[in-house]
**Q** 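Handing you a structure now.
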Amino acid sequence: MSSTAAFQIHQTLIHGFSVSFKSCRHKACLSKNKNDNQMKNVRLRLSSCHCHSNQNGAASQQAATTREDGAVVVQDDLSALLQILPKDLCENLLKQSRRDELLEVVLDLGRRPEARFLGDGGGEFLRNKEISRQELEAAQAAVGEFGGDNRAGIEGTLHRISAVRSRKGVIVGLTCRVGRAVTGHVDMVRDLLPYGESILFLGRPGVGKTTVMREIARVLADELHKRVVIVDTSNEIGGDGDIPHPAIGGARRMQVPEPSLQHKVMVEAVENHMPEVVIVDEIGTEAEALACRTIAERGVMLVGTAHGERLENLLKNPILCDLVGGVQVVTLGDDEARARGTQKSVLERKAPPTFPLLIEMRERSYWVAHRVCVSLGLL
C-alpha cells in the first residue's frame with residue numbers, strides 16, 4: 001500500500017479471534033492494555049483526524065449536511081430540528097460556529113433554553129429569557145404525538161424529542177436531541193461482522209450506541225448482503241414515520257407499539273421474517289434478555305446495545321448478566337479446591353454467553369473489545 005493511501009489495515013488478535021479494522025493513517029492507534037486485568041484486550045482507538053477533500057472539508061449547508069472527517073462521513077438534517085424551536089433560538093443556533101457538534105437542545109418551562117455540545121461537561125444558554133408555556137406547546141404541536149416512553153420524532157429524520165411531564169401529565173420540558181447518520185464509524189470492528197457471532201455494545205447514554213447500530217445495519221444489509229431486521233422500539237434507529245431512513249440501507253425495520261412489548265416483537269421478527277441478523281437497541285429488561293437468548297439459540301446473529309460502563313458492571317447487573325452467561329456460586333470438593341488453590345465456594349459462569357463478543361464504548365472513538373468467555377475467566 002502506498003504511503004499516500006488514506007487508510008491502513010491493521011491486524012491483531014483478540015482472544016484468538018483474527019480482527020482487522022480500518023483507521024485513518026494520521027492518528028490511528030492500536031495498543032495493548034497492559035494495566036488492566038484483561039491484558040489480552042485490545043484498545044481500538046480512532047482519534048479525530050482532518051483529511052481535507054478538494055473542498056477543504058467544507059460542510060454543505062443544504063437540508064442534509066454532509067461532512068467528511070477522515071474515514072467518517074457525517075450526515076444530519078439539522079434544519080428540520082431547528083424548525084420546531086422558537087424563531088430566536090433557531091437564529092442563534094444557525095450563528096453557532098459549533099453547530100456541527102450540537103448534541104441536544106433543552107427546553108424547560110421557566111428556565112433559559114440551553115444547547116449542549118459534544119465533549120462539553122456543561123451547556124450554553126441560547127438567550128436570557130425563560131421558556132414560556134406557549135413556546136413549549138408550539139414545539140409539542142410541531143413534533144406530534146409522544147409514545148408511552150415519552151419520546152417522539154420528526155418524520156423522515158433521525159432526531160429524537162423526549163418529554164418531561166409534571167405529575168398531572170402536562171409536558172414541562174423537552175430534550176431535542178440531534179440524530180446523525182455516520183458512515184464509516186464502525187470501521188474499527190467491521191471485520192467482526194462477517195463471522196456471524198452476536199455482538200453487544202456497552203456504553204453510557206450519549207456515547208453513540210444507536211448511531212453504531214444504524215451503521216452496522218447498513219453494512220450488514222448492503223455490503224455483506226444479510227437479511228437484517230431492526231426491532232426499533234422508539235424509532236431511533238430507523239427514524240420517525242412509516243418509511244425508514246436511508247441510513248439503515250436495505251435493512252428492514254419493525255416498529256414496536258409499546259416499549260414493554262419489545263421482547264415479543266424480537267421473537268416475532270425471527271418467527272415471521274426469517275432474518276439472519278436481528279438488531280435491537282437498549283436491552284434493559286429480564287424479558288428482553290431472555291428473548292435475546294432465545295434468538296441466539298435459534299442460530300440468528302444478534303447485534304444489540306445496553307447501558308453500562310464495563311463488562312464487570314454488566315456481570316453484577318442481576319437483570320442483564322445473562323447476556324454474558326451470568327454467574328453462580330459453585331461448591332468444590334476438597335481435592336478440586338486444593339488443585340485450583342481456591343476456596344471451596346467459587347463463582348463460575350452459569351451458561352454460555354448470549355453475546356460472545358462485547359464492545360465497551362468508553363468514548364465515541366475509544367472502544368475495548370472482549371472475547372467474553374476469556375475475559376470473564378480473567379476477572
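Counting begins at 1 with the first residue of the sequence. Every value quoted in this text rests on a predicted model; they were computed, and no experiment measured them.
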**Q** Looking at every heavy atom in both L302 and C292, which two are closest together, and how far apart are they?
**A**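 Scanning both residues, the minimum pair turns out to be CD1-O, 3.1 Å.
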**Q** Can you tell me if R111 has over 12 outside heavy atoms packed within less than 6.0 Å of its CZ?
**A**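 No, CZ of R111 has 12 or fewer neighbouring heavy atoms, counting only those of other groups under 6.0 Å.
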**Q** Please check if the number of heavy atoms outside D242 that lie under 6.0 Å from its CG is greater than 12.
**A**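 It does not: D242 CG has 12 such atoms or fewer within range.
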**Q** So which heavy atom on L82 is nearest to which on C90, and how close?
**A**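 Minimum heavy-atom separation between L82 and C90: CB-SG, 3.6 Å.
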**Q** Without swapping roles, check the side chain of E101 against the backbone of R98 for a donor-acceptor pair under 3.5 Å.
**A**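 Absent.
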**Q** How long is the straight-line distance from NZ of K129 back to CZ of R112, given to the nearest 0.5 Å?
**A**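 So the CZ of R112 and the NZ of K129 are separated by 14.5 Å.
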**Q** Going through the distances and angles, do D77 and S79 end up as a side-chain hydrogen bond (donor to acceptor under 3.5 Å, both in side chains)?
**A** CA-CA 6 Å; D77 191 2; S79 61; 3.2 Å; yes
**Q** Please answer: with hydrophobic residues joined when any side-chain heavy atoms are less than 4.5 Å apart, are L158 and I230 in the same cluster?
**A**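 L158 does not cluster with I230.
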**Q** Determine whether V300 and F355 fall in the same hydrophobic cluster, where Ile, Leu, Val, Met, Phe, Trp and Tyr are linked whenever their side-chain heavy atoms lie under 4.5 Å apart.
**A**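 Cluster IDs for V300 and F355 match.
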**Q** Tell me whether R227 contacts the main-chain N or O of H273 through its side chain, where contact means a donor paired with an acceptor under 3.5 Å.
**A**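 Pair absent, no side-chain N/O of R227 close to backbone of H273.
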**Q** Kindly indicate, with the supporting measurements, whether the criterion side chain to side chain contact (heavy atoms under 4.5 Å, CB included) is fulfilled by Y195 and L357.
**A** CA-CA 11 Å; Y195 292 90; L357 298 172; over 6 Å; no
**Q** Looking only at heavy atoms, which two atoms of P259 and D149 are closest? And how far apart?
**A**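 Reported closest heavy-atom pair: CG-CB, 3.5 Å.
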**Q** Show the numbers, then the answer: is there a side chain to side chain contact (heavy atoms under 4.5 Å, CB included) between V229 and E268?
**A** CA-CA 11 Å; V229 172; E268 179 188 337; over 6 Å; no
**Q** Is the side chain of H159 donor-acceptor paired with the backbone N or O of V178 at a distance under 3.5 Å, no angle test?
**A**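 Between the backbone of V178 and the side chain of H159 there is no qualifying donor-acceptor contact (under 3.5 Å).
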**Q** Taking V270 as the starting point, is it possible to reach V256 by hopping between hydrophobic residues whose side chains are less than 4.5 Å apart?
**A**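 Same cluster: V256 reaches V270 through Ile, Leu, Val, Met, Phe, Trp or Tyr contacts under 4.5 Å.
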**Q** Could you state the interatomic distance from CD1 (I295) to NE2 (H263), rounded to the nearest 0.5 Å?
**A**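 So the gap between those two atoms works out to 11.0 Å.
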**Q** Can you find a pair of side-chain heavy atoms, one from T210 and one from R160, that are under 4.5 Å apart?
**A**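 SC-SC contact between T210 and R160 ruled out.
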**Q** Are L174 and I84 close enough that some pair of their side-chain heavy atoms sits under 4.5 Å apart?
**A**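 No; the side chains remain at least 4.5 Å from each other.
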**Q** Can E309 and R362 be counted as an ion pair, charged N to O under 4.0 angstrom?
**A**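 No, no charged N to carboxylate O under 4.0 Å.
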**Q** Treat each ILVMFWY residue as a node, draw an edge where side-chain heavy atoms are under 4.5 Å apart, and state whether F125 and L94 are in one component.
**A**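 F125 does not cluster with L94.
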**Q** Please name the pair of heavy atoms, one in A306 and one in I283, separated by the smallest distance, quoted to 0.1 Å.
**A**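 The answer is CB-O, 3.8 Å.
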**Q** What are the two closest non-hydrogen atoms of G123 and R116, and how far apart are they?
**A**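 Heavy atoms of G123 and R116 come nearest at CA-CG, 4.2 Å.
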**Q** Tell me the closest heavy-atom pair linking I237 and I248, and the distance in Å.
**A**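 Of all heavy-atom pairs spanning I237 and I248, the closest is O-CG2, 3.6 Å.
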**Q** When you compare the side chain of R190 with that of L224, does any pair of heavy atoms fall below 4.5 Å?
**A**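 Yes, their side chains come closer than 4.5 Å.
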**Q** Using 4.0 Å as the upper bound for N to carboxylate O, is an ion pair formed by K264 and E258?
**A**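 Salt bridge flag = no for K264 with E258.
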**Q** Taking the side chain as every heavy atom from C-beta outward, state whether L102 and R180 have any atom pair closer than 4.5 Å.
**A**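 In contact.
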**Q** Taking it one step at a time, do I359 and L192 satisfy side chain to side chain contact (heavy atoms under 4.5 Å, CB included)?
**A** CA-CA 11 Å; I359 309 294; L192 296 177; 4.2 Å; yes
**Q** Working to the nearest 0.5 Å, report the span between NZ of K95 and CG of L126.
**A**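 Nearest 0.5 Å value for the NZ-CG distance: 12.0 Å.
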**Q** For atom CZ of R293, is the number of surrounding heavy atoms from other residues, nucleotides or ligands below 6.0 Å larger than 12?
**A**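 Result for CZ/R293: enclosed.
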**Q** Between K209 (side chain) and F201 (backbone), is there a donor-acceptor pair under 3.5 Å?
**A**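 Here the side-chain-to-backbone pair does not exist.
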**Q** Using the side chain to side chain contact (heavy atoms under 4.5 Å, CB included) rule, pick out the option among L109, V170, D108 that qualifies with L136.
**A**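 When side chain to side chain contact (heavy atoms under 4.5 Å, CB included) is applied between L136 and each of L109, V170, D108, only L109 qualifies.
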**Q** Given side chain to side chain contact (heavy atoms under 4.5 Å, CB included), test L311 with L376 step by step and report yes or no.
**A** CA-CA 8 Å; L311 174 59; L376 290 182; 4.1 Å; yes
**Q** Yes or no on salt bridge (charged side-chain N to carboxylate O under 4.0 Å, His left out) for E91 and R127, after CA distance, side-chain angles and deciding distance?
**A** CA-CA 11 Å; E91 293 173 351; R127 73 181 188 196; over 6 Å; no
**Q** Strictly below 4.0 Å, N to O, side chains only: are E236 and R151 in salt-bridge contact?
**A**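 Answer for the salt bridge query: yes.
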**Q** Which distance, rounded to the nearest 0.5 Å, do you find between the CG of N272 and the CE of M254?
**A**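 So the gap between those two atoms works out to 6.5 Å.
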**Q** Looking at side-chain heavy atoms only, is the closest gap between E223 and R218 below 4.5 Å?
**A**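 Heavy-atom side-chain distance check passes, below 4.5 Å.
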**Q** Do V372 and P356 have side chains that get closer than 4.5 Å, going by heavy atoms?
**A**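 In short, these two side chains do not touch, never coming nearer than 4.5 Å.
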**Q** From E215 CD over to L220 CG, what is the distance, rounded to the nearest 0.5 angstrom?
**A**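 It is 10.0 Å, given to the nearest 0.5 Å.
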**Q** Are the side chains of S162 and N150 in touch, meaning some heavy atoms are under 4.5 Å apart?
**A**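 Heavy-atom side-chain distance check fails, nothing below 4.5 Å.
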**Q** Should the pair R204-E360 be classified as a salt bridge under the 4.0 Å nitrogen-to-oxygen rule?
**A**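 Salt bridge: no.
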**Q** Would you say E135 and L107 make side-chain contact, with heavy atoms under 4.5 Å?
**A**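 With C-beta onward as the side chain, the pair stays apart.
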**Q** State yes or no: do I131 and F146 share one hydrophobic cluster built from I, L, V, M, F, W and Y residues joined by side-chain heavy-atom distances below 4.5 Å, directly or via other members?
**A**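 I131 clusters together with F146.
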**Q** Check whether more than 12 heavy atoms from other residues, nucleotides or ligands sit under 6.0 Å from atom CD of E286, and answer yes or no.
**A**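 Atom CD in E286 is not packed in, count stays at 12 or less.
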**Q** Would you compute the distance between atom CD of E155 and atom CG of N235 and round it to the nearest 0.5 angstrom?
**A**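 The distance works out to 10.0 Å.
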